[in-house]
Amino acid sequence: MPSLTLLEIALPTPLRRRFDYLPPEDMSESELQRLSAGVLVRVPFGHQEMTGVLIQTKTHTDQNIEKLRPALAIIDQTPALDSALLELILWAADYYQCPEGEALSTALPVLLRQGEAAEERRETCWQLTTEGKGLPAGALKRSPKQALLLEALQAHNKLSRSDIAALEIPATIIKTLTDKGIIEKTFADETTPKTPASIFRQAPLTLSDEQQIAFDQISFGQFQVSLLDGATGSGKTEVYLQAIAKVLEHGQQALVLVPEIGLTPQTIARFQKRFAVEVAALHSGLNDRERLDAWLHARSGKARILIGTRSAIFTPMPALGIIIIDEEHDGSFKQQDGFRYSARDLAVVRANRLQIPLILGSATASLETLNNAQQGRYQHLHLHARAGNAKPAEIQLLDIRGQTLTEGFALDTKIAIGNEIAAGNQVLVFLNRRGYAPTLECHDCGWLANCPHCDVRMTVHQTPRHLHCHHCGHQRPVPHKCPSCKSSRLQPLGQGTERSEIALRDWFPNTPIIRVDRDSTRNKNAMDKILNEVHQGEPCILIGTQMLAKGHHFADVTLVVIIDADAGLFSTDFRGPERMGQLLLQVAGRAGRAEKSGRVILQSHHTDHPLVQTLFFKGYQAFADLILQERQITQLPPFRYLALLRAETKRPEIALEFLKLARHEAESIFPSSPQLNYLGPLPAMIERRGDRFRFQLQFNSAQRKPLHLLLTQLVEKLDANALSKRVRWAVDVDPSEMG
DNA sequence: AGCACGCCGACT
DNA sequence: GTCGGCGTGCTC
């Protein structure tokens, strides 16, 4: 008698264990033998049904065999995840102390999780119905667009959605003709992908000497991490493109990760213009079906290049030959909830396992990466020259201590903006705070508009006029009278982009003022419209948040104004100064990119602060070295390894009690020592958020290994404790935000 | 996490 | 009389 085969499955629950199932009832023994890890399985779970990932088949279970239920179905015989990727995800779940099932489900496209078959969709097309075919040429004359579509279909038999769009026929016409019974939906013919004669659509550029030297240092076919260090416009992208060309020539695939706001149609177009191979993109603008399609194309090898944001690091690519991470210092590579992984760090692991090169590009590399380069673990490649012979911008630190500011602008700043506009140039004003003003204050009693659910002030917004909490989303009307003293003298306090926009409009009534922040670009295509307008090159003033600093090129901007260079200098988060430096340099880099030379004005109350001085007069490397020295003294990353145990509850005592227990347990596993020590429980930076009180316990270790060991044992202990069920808690390994 | 079951307050 | 509040218990 053959021994019973059981399925060990990881399910998307926070429960840190796997579940055993009997095979589906209709499954034959031979089919069962062929099952491999990574296959998706539909199973009953409690009163629900869910999709899990098969980890292995086995013959023994520690459960009562009577309790096992049969799985419902194997979704697809071919594994959704190949074994290398499955192992990477399981490794990451362990490293980040995240339940396996949760990690696996973050890594899988939503549709697969919902039980959809992992099949490529055939493109929908439209064709003429029998009735439609009976229509004479030149019919439907009264509607030119309808006639055009009819004519096109008479000529081409089948047209896809994009074919029709290319004829400038709106989607409503498709619906009208479908309703009239003239056309009908069908599928595209199965096309065999044609192998392009050349991988190039456009010949590669000739590399500069510096680019060539950098490129020559990249070794293919083996594990190697390169920090490609060069300012915006120094030609990093050309090095990426040629490195990609190299792996494509070997029949391999390339994975490119970019920051969340960096994945614009222009970015994708840049790769498509160069290469004649299929380029797939994974970004937040896609719907679930489009995501699955891009994912499937990468997995089948049809797509040779995949460009994506953070989660694209988990895409199966059977012939991956290189990983490139652009703007590697960007915070969006670390997920901030659920499975708190760092795509950049996992890229190092993935590249190492596959023995392929990884390129980390940045002009303002993270201190972790810089330190790795200094220690010789990564090679450090430099690109100094700015493309097109552009001169570096001239930096002016404007000391605003004691100066009268109108709407946040010093008089000199205002004059400089006016001069630049008069000379026919464009100006960029950077203020990293959206809304009209950070809060509302009562001039008579000092009342401040606090959020009823969080320990933060509510931001005043002007259009539409309301108070908005940027932490929980709570909104309310702006009061006419002070709720505390009934005074009507309520005034907005501080400066936001909306307010600066209004002030600039008032001062420069004949110049277009273009605001760029999350509010002004909320609508689809809003950003494209803005970019088009700016690229016309007419004089204008751009005012916006960090959205302006990342990714977009404004060739005609000759003056960059930074309203408040001090934000971040004294932040509670130890990474504040590092982030400030990266952001300021990025903004400053927007000036003078073309023939025109640029100028940057930084308004600051701390022009003589050593970090500010170093950053602007000695450069980023010196600035980074200064911070690194500090980090070494204060025992912080990258010299030490951190983890946080975060806990939140509606009643503060419970979260606090939970963390006290956690600390006690931690002490009993590893007594606190200089090698591995504990801090807390402490209240989070914003103690109450969305009506929940938040606390955290900090772990600081000289090495990764003991910290990981401690966390694993601690989580197990906590999981077994009843208190843990009454608390929303999570471990954050290598946290990027300490709040 | 979901989702059930289970025992106490204000309303169609 | 019910609808529904969230406490707690379970999921192979």
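Given the structure is predicted, the values throughout are model-derived calculations rather than measurements. Below, each value reflects all heavy atoms present in this structure, side chains not excepted, and no hydrogens, waters or symmetry copies. Within every chain, numbering begins at 1; the chains are lettered A, B, ... in the order of the sequence lines, protein sequences first and strands thereafter.
Residue A:P44 is in sugar-phosphate contact alone, with no base atom involved, counting any heavy-atom pair closer than 4.0 Å across all strands shown. Within the 4.0 angstrom heavy-atom criterion, only backbone atoms of the sugar-phosphate kind lie near A:Y21; the bases stay farther away. Within the 4.0 angstrom heavy-atom criterion, base atoms lie near A:L15. Using a 4.0 Å heavy-atom criterion, one finds that A:R726 contacts no nucleic acid atom at all.
The side chain of A:Q48 contributes no N or O atom lying less than 4.0 Å from OP1 or OP2 of B:dG2.
Around NZ of A:K58, the count of heavy atoms belonging to other residues, nucleotides or ligands within 6.0 Å exceeds 12. Crowding of A:Q33 atom CD: a count of heavy atoms from other residues, nucleotides or ligands under 6.0 Å exceeding 12.
In this structure, NZ of A:K725 is placed 17 Å from C1' of B:dC3, rounded to the nearest angstrom. Nucleotide C:dT11 holds its C1' atom 8 Å from the CE atom of A:M50, rounded to whole Å. Atom-to-atom, CZ of A:R17 to P of C:dC10 comes out at 11 Å; the value is rounded to the nearest Å. The interatomic distance linking A:R113 (CZ) with B:dA1 (P) rounds to 16 Å, in whole Å. Whole-Å rounding puts the A:E49 CD to C:dT11 C1' distance at 14 Å. The CG-P distance, from A:L72 to C:dC12, rounds to 11 Å in whole Å. Computed from coordinates, the A:N64 CG to C:dC12 C1' distance equals 11 Å when rounded to whole Å. Computed from coordinates, the A:L54 CG to C:dC12 P distance equals 17 Å when rounded to whole Å.
Aromatic rings of A:H466 and A:H474 (six-membered ring for Trp) have centroids beyond the 6.0 Å cut-off, not under it.
Picking from B:dG2, C:dC12, B:dA4 the nucleotide with the shortest atom distance to the side chain of A:F19 gives C:dC12. Relative to the side chain of A:P14, the nucleotides B:dA1, C:dC12, B:dA4 differ in distance, and B:dA1 lies closest.
In the model, A:Q77 has no side-chain atom that pairs as donor or acceptor with a side-chain atom of A:R34 under 3.5 Å.
Among pairs with a residue in residues 692-737 of chain A, those fulfilling ring-ring contact (aromatic ring centres under 6.0 Å, His included) read A:F658-A:W729, A:Y678-A:F699, at least two apart in sequence or across chains.
Side-chain atoms of A:E328 do not come within 3.5 Å of backbone N or O of A:S362 as any donor-acceptor pair.
Mapping A:H47 and A:V727 onto DNA chain B by nearest heavy atom places A:V727 closer to the 5' end of the strand.
Within residues 86-111 of chain A, no residue has any heavy atom closer than 4.0 Å to DNA chain C.
Residues passing the salt bridge (Lys or Arg N to Asp or Glu O under 4.0 Å) test with A:R726, sequence neighbours excluded: none.
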